Participant: 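Okay, here's the structure, questions in a sec.
Computed from heavy atoms alone, side chains included, the values below leave out hydrogens, waters and symmetry copies. Predicted model only: the values in this text are computed from it and were never measured. Chain letters run A, B, ... following the sequence lines, proteins first, then strands; residues in each count from 1.
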There are 2 protein chains.
Amino acid sequence: MFTLSEENYLKTIYHLGLNSEIGVSTNEIAKKMQTKASSVTDMIKKLSDKNLVVYKKYKGVRITDFGRNTAANIVRKHRLWEVFLVEKLNFSWDEVHEVAEQLEHIKSPKLINELDALLGFPKQDPHGDPIPDKEGNYYPLEKKLLATLGIGEKGICVGVNDSSSSFLQFLDKQKIALGNEIKVLGKEPFDDSIQIQIANRELSISNKIANNLYIKILQGS
Amino acid sequence: MFTLSEENYLKTIYHLGLNSEIGVSTNEIAKKMQTKASSVTDMIKKLSDKNLVVYKKYKGVRITDFGRNTAANIVRKHRLWEVFLVEKLNFSWDEVHEVAEQLEHIKSPKLINELDALLGFPKQDPHGDPIPDKEGNYYPLEKKLLATLGIGEKGICVGVNDSSSSFLQFLDKQKIALGNEIKVLGKEPFDDSIQIQIANRELSISNKIANNLYIKILQGS
DNA sequence: TTATTATTTTAGATAAGACTAAAAATTAAT
DNA sequence: ATTAATTTTTAGTCTTATCTAAAATAATAA
Ligand SMILES: [Mn+2]
Ligand SMILES: [Mn+2]
Ligand SMILES: [Mn+2]
Ligand SMILES: [Mn+2]
């Protein structure tokens, strides 16, 4: 079994390494974990001793198959708990992350598999992120950032890139929710803002917002 | 906020001090926590610094009002999680304790109060132990050990004194469950065993068993 | 009451996880 | 190809929570 710290480092390395071929750098990890590079070096030695990552001095770390599996299981727990909090305990999607950060470290395979069943084996968490199965496999939706859509294209809002409270609360305020259909009406070159239609309303959205909303394109739009 | 260790020590001191006027001794705590007396001394100094207990050298510790409240809240969480595991996640009553030991340390007032609501504000956990409310108050049932009942007395089985897996599994095997009506048919002086009637069956029960089952007496029996 | 035993505390060590400051290696710039 | 800047590692310190061994205190017995 792994310590709380080991699990948190491993999860960070897993996320940082997802979309890159090369190793994850010490500084990247330190920045993400709000800690110092020297602390990271200490920890990756421990993770390496436990075969969770491959570490070569000055070359960053790469997660092993074993490490990836272990990390995916923690992510699975995190996201299932987030669903539970929203579906069963009336949390809003901007309140769940901190609590899930604690709950993801609870050790009990039965607990998490029963929770999965209670929730009806959900495939996405409240932010649209995929939930790995017991084997650590998951199937990400095909999705594009709203900012990349052309005029006239439409789709369903299926996820967020930024899960910060402030962004999620902004979406709530603008009544933009996952599942909503969104159509691009126009794009303003001057500030890269985007005019959209959503649930019979028209809205102008800044580029920053559009770069943090994922859309599943509807065929024939 | 308190560390995991601080919470565990405090909870032990709370439980050990419940039925006694005098302070809780260092050795008692060490025995219960499976640690060394010197470790206990170190920790009670920390708890004392945080006003959770009053500590006088060589005189043991007494929990403060603040400490009692803090401990009751941890116990509240432990027992609510046990109910959740049994009621919602198909755990049996002998499987819940270890997981609840982890879950009781999760910090989120909203989580625990919503969980309470989801479960319908239960008053007892799966072992018949009372669940403190938000203020730390609880109302223990009037109950007696089965071993203390006289011949002819009857009552409802409402709790266990020993929550070990082996005892709980024994009760399952004998089909003795909380809520069952039990009547004392006879007592054997030779080995202090007790003959009981339970759900139309007659059973002979050892003194050890009878000393770990709590009964709520039915008036007029 | 004094001696013996048991309990409790202190002193000193260890391990995990964090930090600062300094050294070493790598990368970027001239 | 050197030099300069950046990144990464090492060395040493700190805190928390443990432990063992020894000293101090309290409880018990002779
Ligand atoms: Mn999250
Ligand atoms: Mn999420
Ligand atoms: Mn329990
Ligand atoms: Mn219980």
Participant: Does dG17(C) have OP1 or OP2 under 4.0 Å away from a side-chain N or O of Lys46(A)?
Facilitator: yes
Participant: Looking at residues 13-20 of chain B, who's got a heavy atom less than 4.0 Å off DNA chain D?
Facilitator: none
Participant: Can you measure Asn8(A) atom CG to dA18(C) atom C1' for me and round it to whole angstrom units?
Facilitator: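 In whole Å, dA18(C) C1' and Asn8(A) CG are 14 Å from each other.
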Participant: Got a sec, which residues hit side chain to side chain contact (heavy atoms under 4.5 Å, CB included) with Lys134(B), two or more places apart in sequence or on another chain?
Facilitator: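 With sequence neighbours excluded, Lys134(B) shows a side chain to side chain contact (heavy atoms under 4.5 Å, CB included) to Arg76(B), Asn113(B), given in chain and number order.
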Participant: Whole angstrom is fine here: how far is it from CG in Asp49(A) over to C1' in dA16(C)?
Facilitator: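 Computing the Asp49(A):CG to dA16(C):C1' distance gives 13 Å.
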Participant: Does anything in residues 10-19 of chain A form a salt bridge (Lys or Arg N to Asp or Glu O under 4.0 Å)? List the pairs, not counting sequence neighbours.
Facilitator: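 Every salt bridge (Lys or Arg N to Asp or Glu O under 4.0 Å) pair that includes a residue of residues 10-19 of chain A, provided the two are not neighbours, is Lys11(A)-Glu101(A), Lys11(A)-Glu104(A).
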Participant: Within the 4.0 Å limit for protein heavy atoms, which parts of nucleotides 5-12 of chain C are touched? Write it as a string from 5' to 3', B for base, S for sugar-phosphate only, - for none.
Facilitator: --SBBB--
Participant: My understanding is that only one of Leu16(A), Thr12(A), Leu18(A) makes a side chain to side chain contact (heavy atoms under 4.5 Å, CB included) with Tyr14(A); could you say which?
Facilitator: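 So, applying the side chain to side chain contact (heavy atoms under 4.5 Å, CB included) to Tyr14(A) and each of Leu16(A), Thr12(A), Leu18(A), only Leu18(A) qualifies.
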Participant: Applying salt bridge (Lys or Arg N to Asp or Glu O under 4.0 Å), which residue pairs with at least one partner in residues 86-97 of chain B are found, sequence neighbours left out?
Facilitator: Lys110(A)-Glu95(B)
Participant: Filter on salt bridge (Lys or Arg N to Asp or Glu O under 4.0 Å), then keep only pairs touching residues 117-131 of chain A, sequence neighbours left out; what's left?
Facilitator: Arg79(A)-Asp125(A)
Participant: Listing request: all salt bridge (Lys or Arg N to Asp or Glu O under 4.0 Å) pairs with a residue in residues 207-216 of chain A, at least two apart in sequence or in separate chains.
Facilitator: none
Participant: Test of understanding: with side chain to side chain contact (heavy atoms under 4.5 Å, CB included), list the residues that count as partners of Leu178(B), not counting sequence neighbours.
Facilitator: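 Side chain to side chain contact (heavy atoms under 4.5 Å, CB included) check on Leu178(B) returns Trp93(B), Cys157(B).
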Participant: If I take atom CD1 in residue Ile22(A) and atom P in nucleotide dT27(C), what distance separates them, rounded to the nearest angstrom?
Facilitator: 10 Å
Participant: For Asp42(B), which residues count as a side chain to side chain contact (heavy atoms under 4.5 Å, CB included) partner, sequence neighbours excluded?
Facilitator: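 Result, side chain to side chain contact (heavy atoms under 4.5 Å, CB included) vs Asp42(B): none returned.
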Participant: Using the ring of each side chain (for Trp, its six-membered ring), is Trp81(A) parallel, tilted or perpendicular to Phe84(A), with breaks at 30° and 60°?
Facilitator: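 Trp81(A) and Phe84(A): perpendicular rings.
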Participant: Could you give the start and end, 5' to 3', of the contact zone on DNA chain D for chain A, using atoms under 4.0 Å from its heavy atoms?
Facilitator: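 Here the contact window of chain A covers dT7(D) to dT10(D).
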Participant: Got a list of side-chain donor-acceptor pairs under 3.5 Å for residues 57-64 of chain B, not counting sequence neighbours?
Facilitator:
unit_1   : atom_1 : unit_2   : atom_2 : d
Arg62(B) : NH1    : Glu21(B) : O      : 3.1
Arg62(B) : NH2    : Glu21(B) : O      : 2.6
Thr64(B) : OG1    : Asn51(B) : O      : 2.8
Thr64(B) : OG1    : Leu52(B) : O      : 3.0
Thr64(B) : OG1    : Phe66(B) : N      : 3.4
Thr64(B) : OG1    : Gly67(B) : N      : 2.9

Participant: Partners of Lys45(A) by side chain to side chain contact (heavy atoms under 4.5 Å, CB included), sequence neighbours excluded?
Facilitator: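 Partners of Lys45(A) under the side chain to side chain contact (heavy atoms under 4.5 Å, CB included) test: Thr41(A), Tyr55(A).
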Participant: With a 4.0 Å cut-off on heavy atoms, is Ser5(B) in touch with a base, just the backbone sugar-phosphate, or nothing at all?
Facilitator: sugar-phosphate
